[in-house]
A.B. asks: 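What follows is a single structure, and I will ask about it in a moment.
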Amino acid sequence: MANEEKSKDAKSRTRNILPGTHFHRIRRTVQSICFLIFVLLPLFDVMRVDLPRQRFFFFGAELYINEFAIVFLTMMFLWILVAAGAMIYGRFWCGYLCPQMIFSEAADGLEKRINRMVNRKFSNLGPGARRALSVALFSAVLLPGSIFVTFVFVSYFVPPVDLFHRLLTIDMRTAAGITGASVTLVTVLDFAFLRTRFCTAICPYGYLQNMLADKHTLLVHFQPDSGKCILCEKCVRACPMGIDIRRSSHQLECTHCAECIDACSEVLGKMGRGSMIHYAWGDAEQSSSGPDPWYRRIGLRDGKRVAILCMLLIYATGLSVAINLRQAVMVRVMPDRITLYTRGADGLIHNRFRILASNRGKTETKVTFSLADMPAGRIVGMDEGISLKPGETLQREFDIAADAAQINPGINHMTIVAHVAPSQKDDVFAETFITPMESAPATAPVGKQQ
Ligand code: SF4
Ligand code: SF4
């Protein structure tokens, strides 16, 4: 009766556990897709913090670093995405998506394959010579591989075309060239010596994950009550991190990659039994009497998770609204108050203004300026407006001139309108025009200041 209860309890506890014992295959498929995404994102300007041009490419939007609101929303969105992912799905990122893990495992696999090939084909050589040959062959693949990985990685910060030119000219004089060479060296050393040791010795994500996890976070769990362990140690040998999951599900080294689940399934499957290691939603996962509803099966197991997903949704909505509302052409008009006013050769009072205009769109654009609310005034030196190529930023100066006799002495309010073509949008700037408190004769010398 007690045994029956125990097996019923074990059955009940495994009901919510993710199905399947082919995690290795699933992981390789997901990792291949991630590798493609990792390579394609910067090459097609989908995502890049473009340091030389101070831009931020984010899924088709070309944001300027000074577009603070959008950059802030993007950063918050990404940060909450990471926090929500870590809280609900544990170290899914480490085991399935992280480039460091993908390349470390690829380097491990390649090294083993080369060793096997050399041992098979050069069995007539001594162990030292075979080892040297293996190292030479591995290095011959590692070096170009590391250059390629570094190229993709640096493309997240520098446009790939610029980078390619620097690579062709073996640029070692500029800061970008030296940075590229240093990152290549670090990458070679990483994949030659560190690999998965990086995850436990350097990467802060593992520590962060431990802070964000709670009693419902997805983890890989050894369940002694799901049968008797035959102590074959296959799970330990299969673990890329070299740990024993039977000791604890909360070891810092465990990336929840599920290789141990496959290993145990394989060995116990031959005896007609299921794996003793499973994915579980927390250590003490308990199932309700019936099947779990869909939201529990995807990890939404308490209000905290729903709250963080709502927050993610709010930031995603805010970000998409901000991106859709952003203007492709940014115009700023500022008065130059170093000189309050000057008296021109034309006898009119002049106030100087500065314009900063940026075309953040993909088509050439023209900005023209007009004056409103001050009929006696006119714009001088900006008749043609300014033309901006895509990505171009210009600074210009112009004067507004008015006959002091026709306006108020002191401060006059007016509006400068910047008309942007072809979007036909107007930017309006409320400004002031300053004249002497007492009107001077129209023949006064040029440049007189007060
Ligand atoms: S213990 Fe299992 S899940 Fe954890 S890293 Fe090792 S193989 Fe992966
Ligand atoms: S593979 Fe399974 S049966 Fe073998 S030692 Fe690991 S947990 Fe026990």
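Positions are given from 1, in the same order as the sequence printed here. When a ligand or atom number is given, it counts from 1 through the structure's own listing order. Just so we're clear, the structure is a prediction, and the values are computed from it rather than from any experiment.
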A.B. asks: As an exercise, identify every atom of ligand 2 less than 4.0 angstrom from a heavy atom of Ile230.
C.D. replies: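 Going through ligand 2 atom by atom, the ones under 4.0 Å from Ile230 are 3 (S).
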
A.B. asks: Give the atoms of ligand 1, by number and element, whose distance to some non-hydrogen atom of Met241 is under 4.0 Å.
C.D. replies: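 Going through ligand 1 atom by atom, the ones under 4.0 Å from Met241 are 5 (S).
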
A.B. asks: Against heavy atoms of Arg246, which atoms of ligand 2 measure under 4.0 Å?
C.D. replies: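 Those qualifying, in numeric order: 5 (S), 7 (S).
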
A.B. asks: Walk me through it: do Arg197 and Glu253 pass the test salt bridge (charged side-chain N to carboxylate O under 4.0 Å, His left out)?
C.D. replies: CA-CA 9 Å; Arg197 277 179 224 107; Glu253 296 86 349; over 6 Å; no

A.B. asks: Does a donor on one side chain and an acceptor on the other come within less than 3.5 Å for Thr150 and Thr187?
C.D. replies: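 The answer is yes; a qualifying pair exists.
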
A.B. asks: Of all the atoms in Cys235, is at least one N, O or S atom closer to atom 6 (Fe) of ligand 2 than 2.8 Å?
C.D. replies: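 Looking at Cys235, which is the residue asked about, there is an N, O or S atom under 2.8 Å from atom 6 (Fe) of ligand 2.
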
A.B. asks: Run the salt bridge (charged side-chain N to carboxylate O under 4.0 Å, His left out) check on Arg116 and Glu111 step by step: do they pass?
C.D. replies: CA-CA 9 Å; Arg116 274 202 302 270; Glu111 195 175 41; over 6 Å; no

A.B. asks: Show the atoms of ligand 2 that are less than 4.0 angstrom away from any heavy atom in Glu233.
C.D. replies: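 Contacts of ligand 2 toward Glu233, numbered from 1: 4 (Fe), 5 (S).
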
A.B. asks: Does ligand 1 have any atom that is closer than 4.0 Å to a heavy atom of Ala258?
C.D. replies: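 Heavy atoms of Ala258 do come under 4.0 Å of ligand 1.
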
A.B. asks: Give me the residue, atom name and distance of the protein heavy atom closest to atom 2 (Fe) of ligand 1.
C.D. replies: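 Heavy-atom neighbour on the protein nearest atom 2 (Fe) of ligand 1: Cys260 SG, 2.3 Å.
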
A.B. asks: Checking Arg48 against Phe57: charged group under 6.0 Å from the ring centre and within 45 degrees of the axis?
C.D. replies: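 Checked: cation-pi criterion met.
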
A.B. asks: Do the ring planes of Phe353 and Phe398 sit parallel (below 30°), tilted (30 to 60°) or perpendicular (above 60°)?
C.D. replies: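 Phe353 and Phe398: parallel rings.
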
A.B. asks: Using salt bridge (charged side-chain N to carboxylate O under 4.0 Å, His left out), reason through Asp214 and Lys304 one step at a time and then give a plain yes or no.
C.D. replies: CA-CA 10 Å; Asp214 63 15; Lys304 195 162 92 176; 2.9 Å; yes

A.B. asks: Does a side chain donor of either Thr365 or Asn359 reach within less than 3.5 Å of an acceptor in the other side chain?
C.D. replies: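 Note: Thr365 and Asn359 side chains miss the donor-acceptor criterion.
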
A.B. asks: Quick check: does Cys232 have an N/O/S atom under 2.8 Å of atom 4 (Fe) of ligand 2?
C.D. replies: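 Under 2.8 Å: Cys232 contacts atom 4 (Fe) of ligand 2 through an N, O or S atom.
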
A.B. asks: Where is the nearest protein heavy atom to atom 8 (Fe) of ligand 1: which residue, which atom, and how far?
C.D. replies: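 Sorting protein heavy atoms by distance from atom 8 (Fe) of ligand 1 puts Cys257 SG, 2.3 Å first.
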
A.B. asks: May I ask you to identify, for Ile243, whether its side chain, its backbone, both or neither come under 4.0 Å of ligand 1 on a heavy-atom basis?
C.D. replies: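 Side chain only.
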
A.B. asks: Are the aromatic ring centres of Phe103 and Phe35 under 6.0 angstrom apart?
C.D. replies: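 Yes, close enough.
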
A.B. asks: Considering only heavy atoms of Cys229, which atoms of ligand 2 have at least one such atom less than 4.0 Å away?
C.D. replies: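 The list of qualifying atoms is 3 (S), 5 (S), 8 (Fe).
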
A.B. asks: Which of these, Pro240, Cys254, Cys239, Ala263, has its nearest heavy atom closest to atom 6 (Fe) of ligand 1?
C.D. replies: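 Closest candidate by heavy-atom distance is Cys239.
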
A.B. asks: Considering only heavy atoms of Phe222, which atoms of ligand 2 have at least one such atom less than 4.0 Å away?
C.D. replies: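 Near Phe222, meaning under 4.0 Å from one of its heavy atoms, ligand 2 has 7 (S).
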
A.B. asks: Tell me if the aromatic rings of Phe153 and Phe148 count as close, with their centers under 6.0 Å from one another.
C.D. replies: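 Between Phe148 and Phe153, which both carry aromatic rings, the centre distance is not below 6.0 Å.
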
A.B. asks: Which of the atoms of ligand 1 are close to Ile245, meaning less than 4.0 Å from one of its heavy atoms?
C.D. replies: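 Matching atoms, with element in brackets: 1 (S).
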
A.B. asks: Regarding His413 and Glu431, is there a side-chain donor-to-acceptor distance under 3.5 Å anywhere?
C.D. replies: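 His413 vs Glu431: no donor-acceptor pair found between side chains.
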
A.B. asks: Starting from atom 5 (S) of ligand 1, what is the nearest protein heavy atom, named by residue and atom, and what distance separates them?
C.D. replies: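 Ranked first by proximity to atom 5 (S) of ligand 1 is Thr255 N, 3.4 Å.
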
